[in-house]
Each structure stands twice: as structure tokens, then as C-alpha cells.
Amino acid sequence: MRILITGAGGQLAQALLLVANVAQTNAAQVNVNGLAAAEQLLMGLLPEALDCLLGSDIVKGFCRKQLDISDSHSIACAFDEFEPDVVVNCAAYNAVDLAEIEEATALAINANGPKLLAQACFIRRIKLIHISTDFVFDGELTHPYTEQDVPLPLSVYGGSKLKGESWVNEILGCNAIIIRTSWLYSSKGTNFVKTMQNLFQVKERLSVIDDQRGSPTWCEALAVVIFKLVKQMKAVKAKSHETKAKQFAKALDEDVSASLYHYAAAGTCSWFEFAQYIQRYQEQMLESIQAVENNHSSCSIEPITTELWQSLHRNKLATRPMQSALCAEKVTCKLALDEQSILKASWQFQLQAMLRHQSAIKLNWIEG
């Protein structure tokens with residue numbers, strides 16, 4: 001399989017490329033000592049990464065300069081160059097508040113971009129995995145959202161992502177997979193975990209929203225889920241004696257919708273609880289590594305309501321769902337994941353793994 005990843009500069013695409021490197025090193029039976037310390041640690045933290053790809057798979061990331069999903073000519077050139085079998089679309093306009101002002105830009109990237117990608121995939125008989133968001137929901141449910149729940153976005157951002165989903169489904173049908181995820185974080189990119197870590201160092205007191213709830217999700221865990229779905233695609237293709245074009249056309253004739261999955265870590269929390277756990281576990285790690293006591297952050301974290309936060313931050317324009325946790329049962333059953341798999345683990349367990357991996361990266365930089 002030739003797998004093309006859009007939005008290569010983003011945190012999810014970076015996680016996909018990291019996991020691909022680990023998986024292909026393992027598949028090629030190359031000495032793991034050739035991997036960086038952080039990548040070796042990832043093998044232990046995320047063992048499912050070891051067999052989520054085959055040694056023959058080729059994975060390549062394209063940044064926006066190389067592939068602009070809002071430009072059909074740019075898409076065609078990248079597809080002609082790489083000739084992918086599968087495209088994973090991680091490219092998105094993620095500035096939730098700014099989207100309220102820059103609606104045209106948000107729609108161009110989040111709605112029209114997936115449309116153009118899907119059209120190019122349709123012409124070339126390429127499978128598409130499209131990444132979407134929990135922000136397609138209004139947050140009125142008290143339980144985690146399933147794939148059967150009706151989306152009703154509250155913001156321009158959420159609406160633009162839902163339109164992107166609709167275009168992918170309409171053009172490609174069951175030749176596409178749509179994955180909704182939530183509250184992504186990683187050791188790379190811009191995300192809540194890294195923002196909190198930076199603020200802990202410079203703030204004495206921090207107010208964090210306590211009445212919005214969701215499912216924090218480690219990008220590297222989602223990356224493994226994506227590659228496992230790609231691997232299943234390949235297994236289905238290998239069983240068929242039909243050409244790729246015939247398989248593609250047959251799927252469209254059957255008029256089946258795109259496969260829709262939710263993926264997030266298990267459990268829910270508020271942003272305030274998330275911040276508390278980041279601070280607490282980070283302090284525990286530092287004490288363990290440095291063998292010192294009282295190595296606590298001087299930053300005090302206090303809860304604040306969304307209403308009060310909005311009154312203090314007039315530039316925060318978008319309405320957010322108050323409860324946008326996602327139920328991942330459908331995709332975990334599809335992949336037949338073991339009950340002990342970190343891919344089915346709690347958000348706390350995944351966060352611990354990410355912080356340990358981040359620590360290894362920092363130590364590697366220092367030693368290097």
C-alpha cells in the first residue's frame with residue numbers, strides 16, 4: 001500500500017509518520033538500536049504500533065506547500081507524483097474562534113478541500129480516510145456520542161467539518177472512511193497539554209474551564225487505529241481477484257455510505273480535570289526521574305465556568321459543545337482490540353504514555 005498523508009505539519013500527521021517509522025522498522029526486522037530513544041520507548045508504550053503496517057507499505061506526508069487540499073491542481077500533481085492507494089486527510093483549518101470571522105477560509109479548507117480530495121480519489125480509484133471532529137455535535141447529550149447520534153454543530157468550524165464529511169460520503173460512499181475524534185494531543189504540534197505545560201512554568205494561578213467535558217485522545221493511539229483500518233482495507237483487497245477499478249465501481253454500485261467511526265480514549269473529563277491530571281502526573285515523573293521531593297509546580301489551577309471565561313475573553317467567539325465525549329466501541333470492535341490494549345485505555349493512561357514519551361524526547365535532545 002502507498003499511503004499519502006495530507007497536512008504533514010500537523011500533530012496527527014506527525015504521529016502517523018512516527019508510528020509508520022516504528023512499524024516499518026519492526027516489519028523489516030531492522031535492529032531497533034538504529035531508532036532514536038523516543039521511538040524505542042514508543043514500541044514499549046504502544047506495542048500495537050509494531051504490526052499496524054507491512055514492510056512493503058510506503059508512507060509519505062505532504063505539507064500544504066506540497067499539497068494544498070483547497071487547490072485541485074495541487075492535489076492532482078501530488079497524486080500523480082506519489083500514486084497513492086490510500087489518502088489520509090489530516091489537513092484542516094482548526095482555528096475554532098477565528099473561523100467565526102474567517103468563515104470563507106474555514107469552508108475552503110474543511111468543506112471544499114475534502115470535496116476536491118474525494119473527487120480526485122474518485123477519478124483515480126483511491127481510498128480516502130478523512131479525519132473529522134467532535135465539534136459536529138451540539139453537546140446536549142449526557143453520554144458519549146455514538147455514530148448513530150445526529151450531528152448539530154454550534155460553530156462555523158463544526159459546520160465546515162460536517163460539510164466536509166458530507167462531501168466525502170456523497171462522492172466516495174463506502175470507498176471512504178470518516179473518523180471523528182476529540183481533544184487531540186501529542187508531544188508535537190500545538191495542543192492543550194503543551195499549552196498547560198508552558199503556562200505552569202510562568203503562571204502562579206490559572207483558571208481552566210470546568211463545565212465542558214470531552215475525551216482527551218493521544219494522537220499516536222489514533223495513528224495506530226488509522227493504520228489498522230488501512231491494513232484491513234489491504235486484507236479485503238487481497239482476497240478479491242477483481243481489479244482495483246472493478247472493486248471501486250462495485251462498491252459505488254452497492255450505494256453504501258462511507259464507514260463512520262468515532263475514536264477517543266475511554267472516559268471523560270473537563271478541561272479543568274485534564275489540566276489537574278497533567279500537572280499531577282508531570283510532577284510525579286519529575287520526582288521519579290530526579291529523585292527529589294517537593295518538586296511541585298507553584299501554579300494553582302482553579303475552575304471557571306464557560307460563561308465567566310467568555311466574559312473575560314471577548315476574542316473567544318465560537319460556541320462550543322458542553323459535552324462532546326465520543327464512544328469508540330464501534331471501531332474497537334471492528335479492529336477486535338484486546339481489552340488490555342492501550343487503544344481502549346482510559347484518557348489518563350494514554351496521557352501518562354504521552355508524557356513519558358515526551359520526557360524521552362527531551363532527554364534525547366539533551367543527550368544529543
Side-chain angles (χ1 to χ4, degrees), residues 1-8 10-30 32 35 38-62 82-92 117 121 126-132 168 175-181 184-189 217-239 258-265 328 330-338 341-345 350 353-354 357:
M1 281 275 191
R2 297 177 65 83
I3 305 165
L4 185 154
I5 301 170
T6 68
Q11 62 175 348
L12 177 55
Q14 287 292 305
L16 283 160
L17 294 170
L18 173 63
V19 167
N21 187 40
V22 169
Q24 290 172 326
T25 298
N26 179 67
Q29 297 183 333
V30 175
V32 296
L35 292 174
E39 292 174 327
Q40 292 182 42
L41 177 62
L42 188 64
M43 288 181 164
L45 294 172
L46 194 57
E48 289 88 347
L50 297 177
D51 63 353
C52 66
L53 287 173
L54 301 176
S56 58
D57 292 327
I58 300 172
V59 182
K60 184 174 181 179
F62 284 70
F82 186 65
E83 298 181 343
D85 298 299
V86 179
V87 172
V88 182
N89 181 33
C90 299
L117 268 181
C121 287
I126 298 167
K127 304 281 189 177
L128 175 63
I129 297 179
H130 176 64
I131 308 303
S132 193
V168 169
N175 289 301
I177 294 174
I178 297 167
I179 303 174
R180 293 177 183 147
T181 191
L184 288 179
Y185 62 87
S186 176
S187 56
K188 296 186 178 181
T217 306
W218 187 27
C219 282
E220 279 75 357
L222 174 56
V224 173
V225 167
I226 291 169
F227 283 140
K228 281 183 173 290
L229 289 170
V230 171
K231 195 173 182 181
Q232 284 194 351
M233 284 181 178
K234 186 170 185 177
V236 171
K237 178 183 175 182
K239 290 179 181 179
S259 297
L260 174 63
Y261 298 109
H262 289 178
Y263 180 72
K330 181 181 175 182
V331 74
T332 57
C333 288
K334 169 75 173 175
L335 298 175
L337 297 177
D338 186 90
S341 170
I342 190 173
L343 304 181
K344 294 184 71 172
Q350 285 195 6
M354 175 270 177
H357 185 238

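- The side-chain hydrogen bond (donor to acceptor under 3.5 Å, both in side chains) search around Thr217 returns none, not counting sequence neighbours.
- Partners of Leu17 by side-chain contact (heavy atoms from CB on, under 4.5 Å), not counting sequence neighbours, listed by chain and number: Ile5, Gln14, Val59.
- In this view, Lys60 and Glu81 satisfy the salt bridge (Lys or Arg N to Asp or Glu O under 4.0 Å) rule, not counting sequence neighbours.
- Contacts of Lys344 classified as side-chain hydrogen bond (donor to acceptor under 3.5 Å, both in side chains), with partners at least two apart in sequence or in another chain: Glu339.
- A donor-acceptor pair under 3.5 Å is absent between the side-chain atoms of Lys127 and the main chain of Val230, judged by distance alone.
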Determine, step by step, whether Leu117 and His130 satisfy the side-chain contact (heavy atoms from CB on, under 4.5 Å) criterion, reporting the C-alpha distance in whole Å, the side-chain angles of both residues, the deciding distance to 0.1 Å, and the verdict. CA-CA 10 Å; Leu117 268 181; His130 176 64; 5.9 Å; no
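- A donor-acceptor pair under 3.5 Å is absent between the side-chain atoms of Thr332 and the main chain of Leu337, judged by distance alone.
- A side-chain donor-acceptor contact under 3.5 Å links Asp57 to the backbone of Leu54.
- Contact annotation: the side chain of Leu128 never approaches that of Asn175 to less than 4.5 Å [non-hydrogen atoms, C-beta and beyond].
- Qualifying side-chain hydrogen bond (donor to acceptor under 3.5 Å, both in side chains) partners for Ser187, counting only residues two or more places apart in sequence or in other chains: none.
- Considering only residues two or more places apart in sequence or on other chains, Ile342 meets the side-chain contact (heavy atoms from CB on, under 4.5 Å) condition with Leu46, Glu48, Trp218, Ala345, Phe349, Gln350, Ala353.
- A side-chain donor-acceptor contact under 3.5 Å links Thr6 to the backbone of Cys90.
- In this structure Ser186 satisfies the side-chain hydrogen bond (donor to acceptor under 3.5 Å, both in side chains) test together with Glu220, sequence neighbours excluded.
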